[in-house]
Amino acid sequence: MQTVGSGDALIVVDVQNDFLPGGALPVAEGNRIFGPLQRIMPLFPYVVATRDWHPKEHPHFKDYGGTWPYHCLQHTHGAGFAPQMNLAYVDEILSKGTMAPWHGYSAFENSDLAERLRGRGIRRIFVSGLATDYCVKETALASIQSGFETLVITDAIAPVNVSPKDEAAALAEMERQGVRFVTSDELRTAA
Ligand code: VGL
């Protein structure tokens, strides 16, 4: 069991229409995260929801020399939060990937998030959302590097798996760098 308290924050990474089935860059099993997210979001005193928020002309995209098809373009439906996510529990929305050269894989990139969370007394960060092998991984690793104890909630994440081994490789890399893993049913509050 992990008791969630005042020193804990939850980051919900990129739960956006384009990363879910039917979207532009879908995570095949993306919908599996909603049950766990609905259970855990109310437990945390501070919840940050990140969103990819890209301009079209960005080196992230194939047409501009990058890797990816267009997704999460600013102000489009695809960039919107999935309707299954209850925004009432979100304290902060953090947009990332808004400007070259930053791709915005990590919630901490080109941002003062770490300092602000520390200022709130946050010492431990729990990471959930999409996708395991990109933005969840980079956010969890940056959280470790920023000095937070970091836990990934394994039933509240799902991978893109461009290659079928990407999920396992991402989990192994996170473990190697000190990320710990919990499931949503291991979390509770003290009260
Ligand atoms: C992501 C691939 C490309 C993610 C973002 O949110 O994990 N994956 N851009």
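Being a predicted model, the structure only gives us computed values, none of them experimental. We count ligands from 1, going down the list as the structure has it; atoms in each ligand are counted the same way. Side-chain atoms are counted along with the backbone in the values below, which use heavy atoms only and exclude waters and symmetry mates.
- In this model, no donor atom of one side chain and acceptor atom of the other lie less than 3.5 Å apart for Tyr70 and Asp18.
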- [ ] Begin from the C-alpha positions of Lys96 and Asp52 and carry the test salt bridge (Lys or Arg N to Asp or Glu O under 4.0 Å) through to its verdict.
- [x] CA-CA 5 Å; Lys96 59 189 182 57; Asp52 256 4; 2.9 Å; yes
TODO: Take His54 and His103 through the ring-ring contact (aromatic ring centres under 6.0 Å, His included) test and state the conclusion after the steps.
DONE: CA-CA 9 Å; His54 298 306; His103 286 252; 8.0 Å; no
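- Annotation: His71 is in aromatic contact with His60 [ring centroid separation under 6.0 Å].
- Protein residues having a heavy atom under 4.0 Å from any atom of ligand 1 are Asp14, Phe19, Leu25, Asp52, His60, Trp68, His71, Leu130, Ala131, Tyr134, Cys135, listed by chain and number.
- Under the 4.5 Å side-chain heavy-atom criterion for grouping Ile, Leu, Val, Met, Phe, Trp and Tyr, Trp68 is connected to Leu20 within one hydrophobic cluster.
- Separating the CD atom in Gln16 from the CG atom in Leu25 is a distance of 10.5 Å, to the nearest 0.5 Å.
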